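Taking it in order: structure first as structure tokens, then the write-up.
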Amino acid sequence: MMLRIAVPVPHIEQENARYCGPAVAQMVLAANGYGISSQEALFARWCNNGGDVPWTSSPRGIALTLGAQMPERANR
């Protein structure tokens with residue numbers, strides 16, 4: 001038997017072609033009841049922290065940003 005959990009996630013449009021990752025982060029933060037930073041601010045953090053892959057929003061950068069925004073959930 002597979003357990004299924006539905007999490008209501010609001011849809012947030014990305015503000016420009018480069019802000020896909022920040023829009024996803026805003027959705028995750030909103031779904032978890034956290035205040036959300038602007039896409040521009042989130043993107044600026046990823047540019048500084050996520051230089052591990054040539055994507056605009058790297059997985060490592062997203063993880064670091066979400067960990068900073070939700071420190072009590074950073075290990076999940």
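Note that the structure is a prediction, hence the values are computed from the model and not measured.
Rounding to the nearest 0.5 angstrom, the gap separating the CG atom in Leu64 from the CD atom in Gln69 is 12.0 Å.
Closest approach of Asn32 to Met70, counting heavy atoms only: CB-SD, 4.0 Å. Residue Leu42 comes nearest to Ala25 through the heavy atom pair CD1-CB, 4.2 Å, listed as atom of the first residue, atom of the second, then distance.
In the hydrophobic clustering of this structure, Ile5 does not group with Met2; members are Ile, Leu, Val, Met, Phe, Trp, Tyr whose side-chain heavy atoms approach within less than 4.5 Å, directly or through other members.
In terms of the side chain to side chain contact (heavy atoms under 4.5 Å, CB included) criterion, residue partners of Pro10 (sequence neighbours excluded) are, by chain and number, Ala30, Ala31.
Using modelled atom types and a 3.5 Å distance limit, the side chains of Gln26 and Gln39 yield a donor-acceptor pair.
For CD of Glu15, the number of neighbouring non-hydrogen atoms (other residues, nucleotides, ligands) closer than 6.0 Å is greater than 12.
Residues Leu66 and Val28 meet the side-chain proximity criterion, which asks for heavy atoms closer than 4.5 Å.
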